[in-house]
Number of protein chains: 2
Amino acid sequence: MSTAKKSAVSEGVPAEDSRRAQLLESALGVFARFGYRKTSMDEVARAANVSRQGLYLHFANKEDLFRATVRHTIGSSLADAKRALAVEGAVLAERLRGAFHAWVGRYVGRFGADASDLMQAAEGLLGTLVFDQEKLFVDAVAATLREAGLAAAYKPAGVTPRQLAENLCATARGLKHSCDTQEEFEEAFAVAIRITCAPLVQD
Amino acid sequence: MSTAKKSAVSEGVPAEDSRRAQLLESALGVFARFGYRKTSMDEVARAANVSRQGLYLHFANKEDLFRATVRHTIGSSLADAKRALAVEGAVLAERLRGAFHAWVGRYVGRFGADASDLMQAAEGLLGTLVFDQEKLFVDAVAATLREAGLAAAYKPAGVTPRQLAENLCATARGLKHSCDTQEEFEEAFAVAIRITCAPLVQD
DNA sequence: AATTGACAATATGGGCATAATTTGTCTATT
DNA sequence: AATAGACAAATTATGCCCATATTGTCAATT
């Protein structure tokens with residue numbers, strides 16, 4: 001569907017797509033601060049250093065902009081998370097740290113009080129996409145835990161890798177609500193990882 | 001301060017205090033469903049099967065009723081939790097299950113959409129009481145974990161009993177937000193306990 | 001100790017007109 | 001490809017009035 005121009009650059013990424021990505025990053029910042037309802041196209045345009053009409057040149061309307069923002073954000077979050085999980089030569093704990101940083105930690109402390117309508121808007125405009133992507137994230141974490149040998153370590157306790165992954169997600173969710181800053185979150189979640197990976201520590 | 005009447009009963013609990021406790025239990029149900037703002041004294045009175053004036057006979061006003069409700073609820077939650085942690089002849093996992101049931105699980109699924117102002121009201125009318133009690137809960141859990149020998153098991157991983165306790169609290173917080181029913185919460189938290197207690201399982 | 005009925009003072013919610021903002025779409029221009 | 005200016009339509013915020021609900025406190029009663 002996308003009009004594939006010939007302006008492909010060294011990286012293999014069309015210039016227009018990286019431009020679009022810049023706009024979406026700016027939009028994410030504004031949506032996170034003000035929520036869907038209280039975010040105006042003008043505010044997004046100013047945050048992205050473009051004119052309001054420049055926004056409409058890339059996105060049909062506010063709904064379209066929001067859909068694209070969520071898709072881009074959650075898509076790159078999942079991609080970054082999977083990349084972190086696959087890093088060669090890193091111990092499990094470090095890979096988990098990177099994955100959960102990409103998936104949640106990166107966004108802790110960036111949401112304002114009016115942002116409580118974001119989930120509702122996302123569900124209304126994108127259906128089960130967020131939920132689906134979250135399931136894929138859990139899948140990826142569970143697979144990594146299994147390959148790292150945690151399945152055997154937790155077998156006696158009757159806990160599956162999937163349950164370990166879901167438990168880490170639940171902990172991250174809780175910390176997201178109780179931590180004010182990103183640093184606080186990362187530090188507390190590092191503990192959660194040490195706890196989960198404890199059976200791997202040779203003593 | 002309390003006018004100690006001579007109507008002490010078999011249990012050693014004055015009849016008026018158990019009456020008061022009944023009123024507070026009813027009040028908790030209403031506050032949980034409707035929040036502080038949208039709860040009326042009339043609603044509480046009807047839920048407790050007393051007249052509205054009967055309520056004012058026990059509590060000076062709505063603020064007083066709310067303060068007493070929060071104090072009673074959080075106080076008995078902490079007491080029940082400590083009791084569960086001290087149960088003789090129960091394994092650690094079972095004691096933790098009881099403690100977190102008394103502290104959080106018991107209340108999962110009982111809060112309505114309008115209840116989001118409860119924390120704010122509690123902070124405004126009771127200061128740091130809720131926060132303080134939560135700290136005491138963490139202390140109690142941490143002490144139990146230490147006595148159960150988890151400190152030694154997690155020493156190699158560099159995790160203290162207090163960090164284990166705080167991590168369990170974070171997980172409980174996350175599950176509270178993602179679980180719709182109490183059963184769902186208890187089941188998921190049982191997994192969290194198995195993970196935390198895994199080092200104790202002899203294999 | 002608790003209930004009923006009643007009361008004034010206050011708080012809250014709905015409706016409505018108006019002002020202000022925002023949206024989406026034009027043009028003309030660089 | 002992007003900007004600026006302008007525009008009508010739609011949405012949202014604001015102030016006000018009024019009806020209703022709620023609060024806190026009476027006195028009378030069981």
Side-chain angles (χ1 to χ4, degrees), chain A residues 2-9 13-24 26-27 30-31 33-69 113-117 120-121 124-125, chain B residues 2-9 13-24 26-27 30-31 33-69 113-117 120-121 124-125:
Chain A
S2 61
T3 58
K5 297 284 173 61
K6 60 271 180 134
S7 56
V9 206
V13 177
E16 52 177 325
D17 280 14
S18 77
R19 183 89 187 89
R20 183 184 160 93
Q22 290 173 6
L23 296 179
L24 292 175
S26 299
V30 180
F31 278 128
R33 263 194 292 281
F34 304 127
Y36 176 72
R37 190 175 160 290
K38 305 200 70 173
T39 287
S40 68
M41 296 293 273
D42 191 77
E43 190 73 35
V44 174
R46 269 186 282 119
N49 284 316
V50 292
S51 68
R52 195 167 64 87
Q53 290 76 0
L55 260 190
Y56 281 102
L57 219 49
H58 288 265
F59 309 98
N61 49 40
K62 187 175 170 181
E63 293 191 359
D64 188 39
L65 171 62
F66 183 73
R67 269 189 289 260
T69 303
D114 295 326
S116 43
D117 66 339
Q120 193 176 0
L125 296 174
Chain B
S2 60
T3 58
K5 296 285 173 64
K6 59 272 181 131
S7 56
V9 205
V13 177
E16 52 178 327
D17 279 16
S18 76
R19 183 90 187 90
R20 183 184 158 94
Q22 290 174 7
L23 295 179
L24 292 175
S26 299
V30 181
F31 278 127
R33 263 195 291 282
F34 305 127
Y36 176 73
R37 188 175 162 286
K38 304 201 71 173
T39 287
S40 68
M41 296 294 272
D42 192 77
E43 190 72 35
V44 174
R46 270 187 281 117
N49 283 317
V50 293
S51 66
R52 194 167 64 88
Q53 289 75 359
L55 259 189
Y56 281 102
L57 220 51
H58 287 265
F59 308 99
N61 48 41
K62 187 175 169 180
E63 293 191 359
D64 187 39
L65 171 63
F66 183 73
R67 268 189 289 259
T69 302
D114 296 325
S116 42
D117 66 339
Q120 193 176 1
L125 297 175

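Convention: sequence-line order gives letters A, B, ...; per-chain numbering from 1. FYI, side chains are in, hydrogens and waters are out, and symmetry mates aren't considered; it's all heavy atoms of this structure.
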Length of the line joining [X]:[atom1] and [N]:[atom2], which is rounded to integer Å:
| X | N | atom1 | atom2 | value |
| --- | --- | --- | --- | --- |
| B:L55 | D:dT22 | CG | P | 14 Å |
| B:L23 | C:dA1 | CG | C1' | 12 Å |
| B:K62 | C:dT12 | NZ | C1' | 11 Å |
| A:L65 | C:dT23 | CG | P | 10 Å |
| B:Y56 | D:dT22 | OH | P | 11 Å |
| A:N61 | C:dT23 | CG | C1' | 10 Å |
| B:Y36 | D:dT23 | OH | C1' | 11 Å |
| B:L57 | C:dA1 | CG | C1' | 6 Å |

(request) With DNA chain C as reference, determine whether A:K38 or A:A60 sits nearer its 5' end, using the nearest nucleotide of each. (result) A:K38
What's the shortest heavy-atom distance between [X] and [Y], and which atoms?
| X | Y | answer |
| --- | --- | --- |
| A:S116 | A:A113 | OG-O, 3.7 Å |
| B:S26 | B:A47 | OG-O, 3.7 Å |
| A:F34 | A:T39 | CB-OG1, 3.5 Å |
| B:A45 | B:L55 | N-CD1, 3.8 Å |
| A:D117 | A:G35 | OD1-CA, 3.3 Å |

(request) Might you confirm whether atom CD of B:Q22 has over 12 heavy atoms from other residues, nucleotides or ligands at distances under 6.0 Å? (result) yes
(message) Are A:M41 and A:L65 packed together at the side-chain level, in the sense that at least one heavy-atom pair is separated by less than 4.5 angstrom?
(response) yes
(request) Supply the atom-to-atom distance B:R19 CZ to B:L24 CG, rounded to the nearest 0.5 angstrom. (result) 11.0 Å
(request) Enter the distance from A:L125:CG to A:T69:OG1 here, rounded to the nearest 0.5 Å. (result)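 Going from the CG atom of A:L125 to the OG1 atom of A:T69 covers 11.0 Å.
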What nitrogen or oxygen pairs link the protein and nucleotides 18-21 of chain C at under 3.5 Å?
none

(message) Using five base pairs at each end to define the local axes, how bent is the helix from C:dA1-D:dT30 to C:dT30-D:dA1, to the nearest 10°?
(response) 60°
(request) Please work out whether the ring planes of A:F66 and A:F31 are parallel, tilted or perpendicular, with thresholds of 30° and 60°. (result)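 A:F66 and A:F31: perpendicular rings.
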(message) Counting only side-chain heavy atoms from C-beta out, which of C:dG24, C:dT4, D:dT23 sits nearest to B:S51?
(response)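 Of C:dG24, C:dT4, D:dT23, C:dT4 is nearest to the side chain of B:S51.
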(message) For a quick test of reading the model: is some side-chain N or O of B:H58 closer than 4.0 Å to OP1 or OP2 of C:dA2?
(response)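 Affirmative; the distance criterion is met.
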(message) Show every side chain to side chain donor-acceptor pair (under 3.5 Å) that has at least one partner inside residues 43-53 of chain B, sequence neighbours left out.
(response)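 Listed once each, the pairs are B:D42-B:R46, B:E43-B:R46.
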(message) Restricting to salt bridge (charged side-chain N to carboxylate O under 4.0 Å, His left out), what partner residues turn up for A:R67, sequence neighbours left out?
(response) A:E63
(message) Can you see whether A:Y36 has A:K62 sitting over its ring - NZ or CZ less than 6.0 Å from the centre and within 45° of the normal?
(response)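 Yes, A:K62 lies over the aromatic ring of A:Y36.
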(request) Starting at the 5' end of nucleotides 5-12 of chain D, put B wherever the base has a protein heavy atom under 4.0 Å, S where only the sugar-phosphate does, and a dash everywhere else. (result) BB------
(request) Residues of residues 40-50 of chain A with any non-hydrogen atom less than 4.0 angstrom from an atom of DNA chain D: list those, numerically ordered, please. (result)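 Under 4.0 Å from DNA chain D: A:N49, A:V50.
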